[in-house]
S.K.: 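Before I ask anything, here is the structure I am working with.
Lettering of chains follows the sequences in order, A, B, ..., and the numbering in each one begins at 1. Since we're looking at a predicted model, the values are computed, not measured.
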2 protein chains.
Amino acid sequence: MTMLQFPQEEPDFQVALSTSLVLFGFDGSDLQILLARSNRPPYEGALFLPSRYLNKEDELMLSARRMFEQLFGYDDPSMIEQLQAFGQVFRHPGGRVVNIAHYALVYKDDFQASQWEEHDMHWVTYHQVPDLAFDHNDIVQYAKERLKRRVKRRPVGFRLLPDEFTLGQLQSLYETALGKTFDKRNFRKKLFKTTLLIDLERKADGLAPGQHKGSQLFTFNREKYEKMKLEGYDFIF
Amino acid sequence: MTMLQFPQEEPDFQVALSTSLVLFGFDGSDLQILLARSNRPPYEGALFLPSRYLNKEDELMLSARRMFEQLFGYDDPSMIEQLQAFGQVFRHPGGRVVNIAHYALVYKDDFQASQWEEHDMHWVTYHQVPDLAFDHNDIVQYAKERLKRRVKRRPVGFRLLPDEFTLGQLQSLYETALGKTFDKRNFRKKLFKTTLLIDLERKADGLAPGQHKGSQLFTFNREKYEKMKLEGYDFIF
DNA sequence: TCAAAAGTGTTGGGGGTACACCCATGC
DNA sequence: GCATGGGTGTACCCCCAACACTTTTGA
């Protein structure tokens with residue numbers, strides 16, 4: 001009880017780990033979060049975050065990566081980040097389960113729609129997350145705050161957008177994630193100043209979701225961003 | 001393996017949890033981190049963060065709070081924050097141990113020195129953390145980044161300082177935590193603008209550690225800070 | 001023709017940064 | 001007397017915020 005030394009008393013090897021994944025997606029207009037609905041008793045009908053157990057020998061991110069791969073068809077660990085451990089998890093009849101929550105940003109077109117129907121998975125809009133099972137609302141809340149911080153410091157927004165996007169889409173994404181509105185002219189000036197946008201010198205045909213026909217198309221300057229990351233940069237929104 | 005549903009296969013109740021605590025302190029001049037040295041085989045001589053196991057029924061922060069109480073003689077959970085779970089922990093012969101790391105900010109005078117000698121605990125300066133056992137260097141690194149973010153957004157620095165402090169102490173703390181230097185005049189202007197400092201209209205007697213005799217003494221305006229927190233505020237350093 | 005989104009410049013104010021000298025204290 | 005830290009004001013520049021109208025498109 002009063003030990004601060006190694007080796008201490010014996011560890012208590014009776015805890016299980018689960019992972020929940022907060023997936024942020026962008027459908028062209030709106031920021032969304034992926035939820036699943038249980039189709040089996042006793043939780044039938046309940047909404048929750050995509051979740052799995054970890055085996056005791058698994059690396060902490062493994063379940064999140066497996067889920068990601070299952071939903072998207074490929075494995076890209078660079079998109080997944082740990083949030084933190086949540087201890088107030090549902091009481092499993094078998095014992096203590098601690099949830100190590102993760103989040104990831106995705107462009108929705110990558111999705112394997114077949115997976116979702118089978119598991120009754122749905123996107124809900126960022127502002128309309130309903131009551132979830134267990135402590136998953138807390139996790140979503142924490143993930144939103146993390147996203148906010150990330151969007152402020154890094155141009156992560158580009159991860160959510162399709163390769164070619166309009167400034168209207170970009171602004172709408174920033175406004176949702178940061179919870180405020182921007183003046184259109186000032187927003188554009190600020191973004192251009194970063195020199196991270198490449199003007200594709202083409203206009204949208206209006207077929208892609210969320211793109212207004214006639215809007216100028218842009219893409220993200222990845223090489224420049226990589227160089228800026230090496231040099232250290234200031235990007236505060 | 002491909003389940004995304006509750007209930008899933010059975011959880012694996014064979015993991016143990018430990019907690020490590022990164023304690024940042026300020027001795028009047030320097031930012032420091034508390035380390036322990038093992039005095040028993042097989043880890044004898046190794047340096048590590050103060051750490052404990054969690055019992056399976058414990059709330060996640062409990063061990064961190066107990067350690068804090070043991071070292072300081074009182075329990076103040078508002079000072080402790082979870083960092084995240086670290087999975088690459090030392091291999092315990094008995095099985096998998098996941099470390100849920102926490103950090104806290106303290107003013108060193110609160111410390112119960114008797115506790116330390118018994119457990120061979122020492123403050124090391126922020127910039128001179130040696131090689132630690134297990135993955136504790138990773139945890140320290142993560143904690144430093146978290147501290148940096150917190151210092152930028154909240155006036156947490158005041159938690160580390162004694163009730164009465166000089167502007168020199170405050171600036172030195174900010175410079176260490178943020179890893180850069182500030183112009184003295186600009187630093188003062190910026191701090192005064194926040195109106196979070198109260199001029200005590202007294203000068204330091206030079207007896208308190210790190211205080212230059214003759215320096216003006218200040219204290220932190222807690223009421224104002226509480227009000228600002230409610231209203232939401234912008235404090236970016 | 002009407003509604004919704006795109007596109008486009010200027011101005012004023014505030015905040016950040018750069019910069020130098022004198023005073024008080026302790027050794 | 002010398003070194004160390006304390007204390008003070010100004011000028012410039014950049015960035016941010018506020019602000020309105022015309023054009024294009026689709027319904």
S.K.: What's the CD-P distance between A:Gln216 and D:dT24, to the nearest Å?
M.R.: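 Distance check: A:Gln216 CD to D:dT24 P gives 14 Å.
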S.K.: Does B:Lys189 contact D:dT10 through a side-chain donor or acceptor facing the base, at a distance under 3.5 Å?
M.R.: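 For B:Lys189, whose side chain was compared with the base of D:dT10, there is a donor-acceptor pair (under 3.5 Å).
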S.K.: State, without any angle test, whether A:His122 and A:Asp120 hold a side-chain donor-acceptor pair at a distance under 3.5 Å.
M.R.: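 A:Asp120 and A:His122 do have a side-chain donor-acceptor pair below 3.5 Å.
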S.K.: Closest approach to the side chain of B:Asn186, judged atom by atom: which nucleotide of C:dC19, D:dG6, D:dA20 is it?
M.R.: C:dC19
S.K.: In terms of side-chain heavy atoms of B:Lys213, which of C:dG26, D:dT8, D:dA20 is nearest?
M.R.: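 The closest nucleotide is C:dG26.
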S.K.: Nearest whole Å is fine: how far is C:dA5 P from A:Arg188 CZ?
M.R.: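 That distance rounds to 13 Å.
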S.K.: Check the distance between D:dG7's P and B:Leu167's CG and give it to me in whole angstrom.
M.R.: 6 Å
S.K.: What is the distance, rounded to the nearest whole Å, between atom CZ of B:Phe237 and atom C1' of C:dG15?
M.R.: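 Spelled out: CZ on B:Phe237 to C1' on C:dG15 is 13 Å.
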S.K.: In terms of side-chain heavy atoms, does B:Ser215 have a donor or acceptor partner in B:Thr166 at a distance below 3.5 Å?
M.R.: no
S.K.: Calculate the interatomic distance between A:Leu191 atom CG and D:dA17 atom P; express it in whole Å.
M.R.: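 These atoms are roughly 13 Å apart.
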S.K.: If I take atom CG in residue A:Leu170 and atom C1' in nucleotide C:dA6, what distance separates them, rounded to the nearest angstrom?
M.R.: 15 Å
S.K.: Quick check on DNA chain D: between A:His212 and A:Phe182, whose nearest nucleotide comes earlier from the 5' end?
M.R.: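 With A:His212 and A:Phe182 compared, the 5'-side residue is A:Phe182.
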S.K.: Any chance the side chains of B:Asp163 and B:Thr219 put a donor and an acceptor closer than 3.5 Å?
M.R.: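 Their side chains do not contain a donor-acceptor pair, so the 3.5 Å distance test is not met.
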S.K.: What nucleic acid atoms does A:Lys190 come within less than 4.0 Å of, heavy atoms only: base, sugar-phosphate, or nothing?
M.R.: sugar-phosphate
S.K.: Which of the following nucleotides, D:dC16, C:dG15, D:dG6, is nearest to the side chain of A:Lys193?
M.R.: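 Of the candidates, D:dC16 comes closest.
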S.K.: For A:Leu217 and D:dT24, what is the distance between atoms CG and C1' respectively, to the nearest whole Å?
M.R.: 15 Å
S.K.: Rounding to a whole Å, what distance do you find between A:Phe192:CZ and D:dC16:P?
M.R.: 15 Å
S.K.: Are A:Lys229 and A:Glu226 close enough for a salt bridge, meaning some N to O gap below 4.0 Å?
M.R.: yes
S.K.: Check each of B:Gln82, B:Gln141, B:Glu81 against B:Arg146 using the side-chain contact (heavy atoms from CB on, under 4.5 Å) test, and report the only one that passes.
M.R.: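 The option that passes is B:Glu81.
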S.K.: Establish whether the base of C:dA5 is bridged to the side chain of A:Lys184 by a donor-acceptor pair shorter than 3.5 Å.
M.R.: no
S.K.: Does B:Arg185 make a side-chain donor-acceptor contact with the base of C:dA20, cut-off 3.5 Å?
M.R.: yes
